[in-house]
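The chains referred to below are lettered A, B, ... by the order of the sequence lines, with proteins before strands, and numbering in each begins at 1.
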Amino acid sequence: MLKRTHTCGELRAKDIGKEVVLNGWVSSARDHGGLVFVNIRDRYGVTQTVFDPANSPKLMEAAKSLRSEDVVAVKGKLRARPGSQINKDMPTGETELLAGGFELLNRAEVPPFEVVDDTNASEELRLKYRYLDLRRPHLQNILALRHKAADIVRGYLSRHNFLEVETPVLTKSTPEGARDYLVPSRISKGKFYALPQSPQLFKQLLMVAGFDRYFQIVKCFRDEDLRADRQPEFTQIDIETSFLDREDIYNIMEGLVCELWKNAAGVELKRPFDRLAYSEAIERYGSDRPDRRIPWELQDATAVFKGSGFKAFAGVVESGGIIKAINIKNRADKFSRKDLDAAGEFVKSYGAKGVASLKGIEKFLSDKEKAELKTKLDIKENDLILLIGDKLKVVNDSLGSLRVELGRKFEAFDNKKIDILWVTDFPLMEYDEKEKRHMSLHHPFTSPNPDDLKLLETEPAKARALAYDIVVNGSEIGGGSIRIHNREIQQKIFDLLKISREEAKKRFGFLLEALTYGAPPHGGIAFGFDRIVMLLAGTENIRDVIAFPKTTSASCLMTEAPSDVDPVQLKELGIKIS
RNA sequence: GGGGACGUAGAUCAAUUGGUUGGAUCGUCGCCCUGUCACGGCGAAGGCUGCGGGUUCGAGCCCCGUCGUCCCCGCCA
């Protein structure tokens with residue numbers, strides 16, 4: 001076959017006169033009767049080839065049969081386009097390849113949709129023919145960006161003395177956390193491996209083993225429902241270190257994040273990153289992953305409504321709930337009755353009964369109450385005040401989410417701005433009403449803050465953890481903690497979580513045992529690599545950054561996985577489907 | 001598990017209050033065309049309206065079920 005001498009994206013004016021060969025896909029073929037233009041596309045770009053009868057009438061006739069997505073090799077001399085024919089929208093637009101010969105490497109069927117960036121084909125169809133969708137420059141660029149980001153991560157961490165170590169994919173179900181994907185064992189019938197939700201225990205064991213700086217770009221699996229930013233298998237940058245405290249980890253990781261944004265997106269981030277305590281994040285933004293680009297904050301107005309003429313809120317205060325408000329500055333005129341109804345529907349999904357606008361409830365309020373609100377919320381002409389009264393958690397969840405929803409709707413911030421911060425001092429655990437016990441907020445190997453050890457005895461839910469998340473534009477891109485390296489403290493945590501000694505021993509006795517053989521103080525972090533690439537690429541959907549993603553029902557439209565298996569396979573595994 | 005939106009030529013969409021023969025654009029196919037680049041012109045083919053049931057004289061449209069896609073809540077240490 002004719003082998004390419006150049007890619008379809010590199011030919012420029014300086015190459016004019018060269019004999020070249022291009023390989024690629026026909027992206028468009030324009031037959032003018034007496035002259036045929038064929039654009040050839042590969043991963044690097046598009047180059048126009050021209051079949052001119054003045055050069056070879058026979059060749060031109062043959063080129064007339066070319067169709068979109070045929071695979072071709074074209075040989076010829078690169079020439080300048082006539083001045084008026086230069087295409088400024090194409091990087092290769094100053095030149096064209098005058099075909100002197102071509103080879104049809106493979107014929108393509110008519111594709112189910114046009115392979116162009118501004119395709120309007122449904123995502124369903126594009127997922128079924130993902131290999132065609134991936135031919136689009138947009139997706140090719142994102143996957144190239146993903147590769148670059150991975151390369152930056154490996155480079156940075158390697159320079160900082162981290163070792164990439166692989167950990168098992170066929171492993172053991174870990175405690176708490178997400179639902180596991182299970183893999184039946186043929187050799188031990190009736191037993192199962194679990195795919196890792198993260199290599200958490202292995203990276204801690206690597207610390208015990210003395211690999212004081214470990215990382216891995218690694219697939220993780222969680223059998224939970226999907227979202228626009230959640231896939232059942234996803235990629236983490238998993239990191240663990242020994243002999244470092246939180247400050248050291250913040251420092252090294254800020255360096256990594258800055259290098260990612262600088263080298264992959266050309267954005268300089270300011271260091272050090274801001275820090276915000278979890279409690280303050282909830283108070284001011286109603287969320288542990290605040291998007292601070294949106295200007296409005298949640299304000300507590302509970303005191304104003306105590307015994308108020310607005311009975312709904314007075315009742316909320318009476319029963320121990322809270323009232324919070326946001327002041328959406330200077331946008332009252334852009335918020336219709338219909339918008340308010342929509343906001344009401346929106347907050348209902350978070351368990352709130354509804355949302356009140358100040359305008360709507362003003363008539364029930366005394367002059368004093370109105371004056372208090374005006375001062376407290378700094379109300380000016382045309383400000384839109386929205387209020388929710390309910391139980392603490394419901395108010396924070398619903399009003400915090402509404403804040404983000406309306407921030408996006410009103411485009412109340414600069415889209416190019418990057419807001420990055422650490423959220424610190426998470427609670428170690430919280431009480432679960434359904435399970436009637438405390439549950440780890442992060443995971444059961446997270447170290448309590450030494451200052452709060454006494455609280456563990458009295459009010460465990462108030463004890464802070466040495467845990468931290470890193471948040472970019474309201475999206476959690478990573479989280480980690482200092483771990484427990486002391487067997488007694490680890491046992492104490494299990495006791496508080498009501499994980500019995502037998503249970504603990506059965507499920508991760510190997511870790512407990514390892515902690516007794518000289519475990520160094522250690523801690524780490526895991527970044528959601530897909531989410532980082534989403535932010536770098538500026539896309540809202542995780543499927544855009546994964547080559548072969550799954551639908552929201554966790555199936556692959558291309559391979560049709562999951563699928564039935566041969567009964568023989570099941571028999572070998574000792575599995576019966578009921 | 002719950003809520004919402006959607007499903008009509010190969011693709012993207014339209015189709016009056018439930019009413020005669022279900023349209024448009026892109027693509028495809030044929031003919032014409034020497035400077036296009038989403039080429040252009042003329043013409044043609046292409047439909048089990050996701051699937052199953054029901055209501056009705058009559059269903060793309062209404063009802064029930066089912067399958068699939070997307071978004072959200074729950075879930076995701």
Side-chain angles (χ1 to χ4, degrees), chain A residues 27-40 46-55 57 60 64 67-69 81-90 92-93 96 109-129 132 174-180 197-198 200-201 220-232 234 342 345-352 394 397-398 401 405 426 428-430 432 434 438-446 465 467 476 479-481 493 497 499 526 528 540-541 543 550-553 555 557 560:
Chain A
S27 69
S28 97
R30 299 177 295 281
D31 177 0
H32 287 238
L35 192 67
V36 176
F37 296 99
V38 178
N39 284 4
I40 309 200
V46 178
T47 299
Q48 172 167 289
T49 64
V50 55
F51 291 79
D52 191 334
N55 201 35
M60 191 196 71
K64 287 188 176 195
R67 295 292 179 270
S68 288
E69 305 310 320
R81 295 200 194 187
S84 61
Q85 300 300 328
I86 288 173
N87 187 338
K88 291 192 197 73
D89 299 330
M90 276 172 91
T92 60
E96 63 186 7
E109 290 292 324
V110 174
F113 58 90
E114 290 175 73
V115 181
V116 291
D117 263 345
D118 58 352
T119 179
N120 54 7
S122 71
E123 190 171 15
E124 192 171 352
L125 189 73
R126 289 190 285 120
L127 285 173
K128 182 173 176 189
Y129 297 96
L132 296 180
T174 45
E176 319 237 318
R179 198 175 291 115
D180 286 314
Q197 298 174 26
S198 85
Q200 181 61 35
L201 299 183
C220 301
F221 306 86
R222 294 178 190 176
D223 186 5
E224 297 293 348
D225 287 346
L226 292 85
R227 285 287 188 284
D229 62 351
R230 262 168 36 193
Q231 284 270 308
F234 61 100
E345 283 307 310
F346 179 82
V347 299
K348 271 180 193 161
S349 67
Y350 295 87
V394 170
D397 279 355
S398 58
S401 302
E405 173 79 4
F426 279 80
L428 186 65
M429 48 186 75
E430 59 187 356
D432 187 301
K434 261 182 269 161
H438 286 90
M439 307 271 279
S440 289
L441 213 73
H442 190 51
H443 57 57
F445 315 109
T446 302
E476 181 206 322
S481 62
I493 298 298
L497 297 174
I499 299 175
E540 297 280 299
N541 198 297
R543 291 183 296 275
K550 293 185 173 56
T551 67
T552 50
S553 51
S555 60
L557 295 178
E560 297 183 315

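- Note on A/Arg230: every side-chain N or O is 4.0 Å or more away from OP1 and OP2 of B/rC71.
- Looking at heavy-atom distances under 4.0 Å, A/Ser198 makes contact with a base.
- The partner of B/rG27, taking Watson-Crick or G-U wobble pairs whose two distances both stay under 3.5 Å, does not exist in any strand shown.
- A sub-4.0 Å separation between OP1 or OP2 of B/rG74 and a side-chain N or O of A/Arg227 is absent.
- Residue A/Met90 is classed as a base contact, given a heavy-atom separation below 4.0 Å to a base.
- Here A/Thr446 lies out of heavy-atom contact (under 4.0 Å) with every strand.
- For A/Ser28 and B/rC39, the shortest distance from a side-chain N or O to OP1 or OP2 is below 4.0 Å.
- Checking the phosphate oxygens (OP1, OP2) of B/rU69, a side-chain nitrogen or oxygen of A/Thr551 falls inside 4.0 Å.
- Side-chain to base pairing of A/Arg81 with B/rU36: one donor and one acceptor N or O lie within less than 3.5 Å of each other.
- The residue A/Glu96 sits close to a base: some heavy atom pair falls under 4.0 Å.
- Residue-level contact check: A/Glu114 touches the backbone only, with heavy atoms under 4.0 Å from sugar-phosphate atoms and none from bases.
- When heavy atoms are screened at a 4.0 angstrom cut-off, A/Asp31 is found touching base atoms of the nucleic acid.
- Within the 4.0 angstrom heavy-atom criterion, no nucleotide atom of any strand lies near A/Leu226.
- Distance from the side chain of A/Ala228 is smallest to B/rC71 among B/rU69, B/rU34, B/rC71.
- The shortest distance between the side-chain N/O atoms of A/Arg67 and the OP1/OP2 oxygens of B/rC29 is below 4.0 Å.
- A/His32 does not qualify as a stacking partner of the B/rU36 base, lacking a centre-to-centre distance under 5.5 Å together with planes within 30°.
- Between B/rC71 and A/Ser349, no contact under 4.0 Å exists linking OP1 or OP2 to a side-chain N or O.
- Looking at heavy-atom distances under 4.0 Å, A/Asp117 makes no contact with the nucleic acid at all.
- Residue A/Asp225 is classed as a base contact, given a heavy-atom separation below 4.0 Å to a base.
- Residue A/Asn39 places no side-chain N or O under 4.0 Å from the OP1 or OP2 atom of B/rA38.
- Distances shorter than 4.0 Å separate none of the side-chain N or O atoms of A/Arg30 from OP1 or OP2 on B/rU36.
- Residue A/Gln48 has no polar side-chain atom (N or O) positioned under 4.0 Å from OP1 or OP2 of B/rU36.
- Across all strands shown, A/Phe37 has heavy atoms under 4.0 Å from base atoms, whether or not it also approaches the sugar-phosphate.
- The closest donor-acceptor contact from the side chain of A/Thr119 to the backbone of A/Val116 lies at 3.5 Å or more, if one exists at all.
- Donor-acceptor pairing under 3.5 Å, judged by distance alone, is present between the side chain of A/Asn87 and the base of B/rC37.
- A close approach under 4.0 Å does not occur between any side-chain nitrogen or oxygen of A/Thr119 and OP1 or OP2 of B/rA11.
- Within the 4.0 Å cut-off from OP1 or OP2 of B/rU12, at least one side-chain nitrogen or oxygen of A/Ser122 is found.
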